[in-house]
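Convention: sequence-line order gives letters A, B, ...; per-chain numbering from 1.
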Amino acid sequence: MPLKIYNSLTRQKEKFIPINPPYVGMYVCGPTVSGESHLGHARPYITFDVVLRYLTYLGYKVRYVRNITDAGHFEEEGREAEDKISKKALLEKVEPMELVHKYTNLFHWAMKQFNTLDPNIEPTATGHIVEQINMIEKIIEAGFAYVVNGSVYFDVKKYAATHNYGELSGRVLDDLLETTRALEGQDEKRNKADFALWKSAPQQHIMRWKSPWGEGFPGWHIECSAMATKYLGARFDIHGGGMDLLFPHHESEIAQSFICNHVQPAKYWMHNNMITINGKKMGKSYNNVIKLTEMFSGIHPLLTQAFSPMTIRFFILQTHYRSTLDFSSEALVAAEKGLKRLWEGYENLKKIKEENFDLPDDNDLDKKINSLLDELDEFMNDDFNTAKVLANLFEIVPVINSIKDGIIEKNVLSSKTLHRMKDALTVYLENILGLQSLSQNNETFDGVMQLLVDIRKEAKSKKDFFTSDKIRNQLAELGIEMKDEKDGNISWNAV
RNA sequence: GGUCCUGUGGCCGAGUGGUUAGGCAGAGCUCUGCAAAAGCUUCCACAGCGGUUCGAAUCCGCUCGGGACCUCCA
């Protein structure tokens with residue numbers, strides 16, 4: 001079964017056929033670095049990280065572009081036009097660019113914690129003002145934008161007369177003309193549904209650039225169109241982002257690009273669903289965000305403990321990316337325990353020696369494992385169903401543990417299958433799902449622990465349980481778990 | 001108000017019309033110096049009502065509930 005991707009544009013799963021195989025261009029809307037990233041932001045970047053990893057696994061050469069929005073947007077309707085970033089900067093008494101730099105670094109740090117791969121290109125909005133202006137000029141020339149008082153607006157009604165405005169989001173223009181609420185500058189627009197391509201900057205506005213229409217700053221949606229076109233071409237393979245960007249952001253991107261490049265910019269539009277908290281979308285406007293730094297530290301009223309980045313990554317991958325995912329501390333605890341179990345199984349598997357080279361791989365156990373492994377690609381090919389992949393991996397864990405503990409005889413499983421199992425788990429857990437061990441150790445620490453293991457072994461062999469228990473109990477207080485294995489060895493892990 | 005999505009066991013969640021999803025939690029057993037872990041077994045389910053069908057969590061209708069977007073938003 002070939003890879004199928006749910007395309008938001010056609011509202012169905014479609015076979016993935018790149019425009020220029022083996023090359024794949026993927027654009028994902030990146031963060032606005034006017035504040036700290038929260039749990040909800042983690043989802044698209046982890047989701048599309050897995051998309052990137054899987055496409056790479058399939059042999060595609062992916063150019064992954066993810067922007068940094070460092071030029072402001074409007075903050076709230078009804079207020080004076082304010083650049084989000086310069087506004088916050090005033091409050092914090094720093095330069096806008098200082099703020100941008102700070103939150104960009106913080107974002108990069110968080111992405112590193114999540115073990116996401118870097119985009120090939122990470123363009124900034126402020127670094128592409130020229131491209132955005134050029135694009136706006138093209139739209140004006142084509143007659144689909146008009147200038148009013150130094151601002152430029154896209155003429156949605158005119159566009160809709162000859163193009164399908166709303167094809168992505170399912171909006172109907174007539175409805176939009178009625179329901180769009182009053183934004184600043186509304187009286188400048190010909191129609192309510194029109195959106196700004198360029199905004200004239202009020203005097204107090206710090207972030208401003210010269211343009212043919214006077215000093216100002218780029219509008220809501222033009223940056224993504226300009227940068228995607230520059231680095232991926234007029235038409236590229238995948239455009240991703242959160243579902244909340246579907247309208248008006250992505251719909252408007254399509255309109256802009258259509259006028260400039262005369263094609264639908266992306267072949268496949270992918271949208272991840274939201275993370276909810278008590279059933280409500282996590283977002284600034286709901287005042288219910290948990291920042292990533294708070295997740296990692298556990299310092300937040302809704303958190304019972306700290307959660308590692310890998311726990312969060314695993315938590316997100318346990319759900320299909322198009323479903324909402326409901327956050328709770330309890331669910332995170334469950335995810336943490338699950339990941340620990342899965343990873344220990346994986347570590348145990350690596351230690352099992354391949355011995356039965358002559359054994360055929362057609363007994364029941366071999367068949368069961370091979371079929372579980374066969375399904376992994378099928379699940380991923382079915383619109384990246386990581387939840388099912390994880391379920392299968394969990395089904396393999398008891399088999400691994402049983403072999404390790406001698407419950408399943410070692411001479412039952414063929415070397416061929418065992419080898420395949422090791423390869424597949426490494427590829428899937430590490431390369432595709434991008435998971436890592438919860439515990440991070442170093443050589444010195446490992447050496448010290450080995451010493452304690454040796455001392456405890458000696459004590460046990462002398463039936464000096466006082467000493468052996470002391471070692472185990474005191475380590476437990478430090479968060480290190482020591483376990484006696486069935487084969488007489490002692491294992492440990494630090495959480 | 002408009003458009004769309006959704007309702008699965010104590011919790012999180014996957015589900016292509018007929019088979020145990022999976023994880024966490026609970027119960028029992030085995031193993032064990034003790035413990036933990038592990039293994040085995042097990043309890044708990046498809047919002048409600050009706051329809052289609054030999055058969056529905058899965059399709060259709062209605063009712064009730066939840067959510068997203070329509071405004072910057074992952």
Side-chain angles (χ1 to χ4, degrees), chain A residues 11 28-32 34 37-48 69 72-78 82 84 166 169-172 174-176 178-183 193 220 240-249 251 271-276 278-286 314-315 318-320 322-342 344-345 348 379 382 385-395 397-402 404-408 460 463 465 468-469 472-473 476 481-486 491 493:
Chain A
R11 294 173 190 78
V28 173
C29 291
T32 302
S34 63
S37 299
H38 60 71
L39 180 60
H41 293 118
R43 195 167 191 191
Y45 308 127
I46 289 171
T47 297
F48 289 103
T69 298
H73 288 301
F74 291 166
E75 192 162 48
E76 282 177 30
E77 55 91 13
E82 283 172 311
K84 203 194 255 179
S169 59
R171 306 280 144 176
V172 179
D174 289 342
D175 294 341
L176 290 170
E178 291 308 313
T179 56
T180 304
R181 286 156 65 178
L183 281 165
W220 295 272
M243 264 182 191
D244 49 354
L245 298 181
L246 221 135
F247 188 89
H249 186 57
E251 193 72 63
H271 292 94
N272 63 275
N273 216 317
M274 302 291 104
I275 289 182
T276 59
N278 293 322
K280 270 229 169 3
K281 172 187 165 184
M282 188 178 283
K284 265 180 221 166
S285 36
Y286 295 112
F314 178 78
F315 175 65
Q318 264 191 310
T319 308
H320 191 267
R322 281 189 291 109
S323 300
T324 55
L325 169 57
D326 200 46
F327 160 87
S328 71
S329 213
E330 198 186 351
L332 259 303
V333 170
E336 181 182 276
K337 288 184 182 173
L339 175 57
K340 190 176 163 222
R341 176 176 152 79
L342 184 61
E344 278 177 16
N348 288 334
F379 293 157
D382 186 15
N385 198 329
T386 54
K388 277 191 152 187
V389 166
L390 283 168
N392 267 28
L393 295 179
F394 269 109
E395 288 209 53
V397 169
V399 176
I400 295 169
N401 289 334
S402 293
K404 170 180 156 277
D405 289 345
I407 294 167
I408 292 178
K460 275 186 67 180
K463 299 214 184 292
F465 297 124
S468 64
D469 285 355
R472 190 174 63 197
N473 294 339
E481 191 179 47
M482 202 169 248
K483 296 184 287 195
D484 297 343
E485 300 291 344
K486 286 199 168 54
S491 69
N493 67 74

Can you tell me how far [atom2] of [N] sits from [atom1] of [X], to the nearest Å?
X         : N      : atom1 : atom2 : answer
Leu245(A) : A74(B) : CG    : C1'   : 6 Å
Phe314(A) : G13(B) : CZ    : P     : 13 Å
His271(A) : C73(B) : NE2   : P     : 12 Å
His249(A) : U71(B) : NE2   : P     : 15 Å
Met243(A) : C70(B) : CE    : P     : 14 Å
His320(A) : U6(B)  : NE2   : P     : 13 Å
Leu246(A) : G67(B) : CG    : P     : 20 Å
Leu325(A) : A14(B) : CG    : C1'   : 13 Å

Provide the Watson-Crick or G-U wobble partner of [N], both distances under 3.5 Å; none if there is no partner.
N      : answer
C54(B) : G18(B)
C69(B) : G2(B)
G7(B)  : C64(B)
G39(B) : C29(B)

In whole angstrom, give me the gap between the [atom1] atoms of [N] and [M].
N      : M      : atom1 : result
G48(B) : U8(B)  : C1'   : 15 Å
G10(B) : A47(B) : P     : 13 Å
G65(B) : U42(B) : C1'   : 33 Å
C5(B)  : G18(B) : P     : 23 Å
A14(B) : G7(B)  : C1'   : 15 Å
C29(B) : C34(B) : P     : 15 Å
A57(B) : C64(B) : P     : 24 Å
C43(B) : C49(B) : C1'   : 29 Å

Are [X] and [Y] close enough that some pair of their side-chain heavy atoms sits under 4.5 Å apart?
X         : Y         : value
Leu325(A) : Asn273(A) : no
Arg43(A)  : Met282(A) : no
Glu485(A) : Lys404(A) : yes
His249(A) : Cys29(A)  : yes
Met243(A) : Lys281(A) : no

Counting side-chain heavy atoms from C-beta on, which of [options] comes nearest to [X]?
X         : options                : answer
Gln318(A) : C11(B), G22(B), A74(B) : G22(B)
Thr319(A) : A14(B), G33(B), C12(B) : A14(B)
Ala391(A) : A21(B), C73(B), G23(B) : A21(B)
Ala331(A) : C12(B), A14(B), A74(B) : C12(B)
Trp220(A) : C70(B), C24(B), C72(B) : C72(B)
Lys337(A) : G22(B), A25(B), C70(B) : A25(B)
Thr32(A)  : A74(B), G15(B), U3(B)  : A74(B)
Met282(A) : G15(B), C70(B), A74(B) : A74(B)

What's [X] touching, base or sugar-phosphate or nothing? Going by heavy atoms closer than 4.0 Å.
X         : result
Tyr45(A)  : sugar-phosphate
Asn272(A) : base
Thr276(A) : nothing
Phe394(A) : sugar-phosphate
Gly40(A)  : base

### Task
Return yes if the base of C72(B) and the side-chain atoms of Lys284(A) contain a donor-acceptor N/O pair under 3.5 Å, otherwise no.
no
### Message
Once rounded to the nearest 0.5 Å, what's the spacing between atom NE2 of His320(A) and atom CG of Asp382(A)?
### Response
7.0 Å
## Note on the structure
Judged by nearest nucleotide, the residue sitting upstream toward the 5' end of RNA chain B, Gly241(A) or Ala334(A), is Ala334(A)
### Query
So which heavy atom on Leu342(A) is nearest to which on Phe314(A), and how close?
CD2-CE1, 4.0 Å
### Query
Between Glu344(A) and Lys483(A), which heavy-atom pair has the shortest distance, and what is it?
OE1-NZ, 3.1 Å
OP1 or OP2 of [N] versus the side-chain N and O atoms of [X]: is any pair under 4.0 Å?
X         : N      : answer
Tyr286(A) : G67(B) : no
Lys280(A) : G67(B) : yes
Ser285(A) : U71(B) : no

## Note on the structure
Quick tally for nucleotides 34-43 of chain B: nucleotides whose base has a protein heavy atom under 4.0 Å get B, sugar-phosphate-only ones S, the rest -, giving BBBBBS----
### Query
Where the side chain of Glu251(A) meets the backbone of Gly166(A), is there a donor-acceptor pair that is under 3.5 Å apart?
yes
#### Entry: Ion pair check, Lys460(A) and Asp484(A), cut-off under 4.0 Å
yes
### Message
I'd like to know if Glu481(A) and Lys340(A) make a salt bridge, using a cut-off of under 4.0 Å between side-chain N and carboxylate O.
### Response
yes
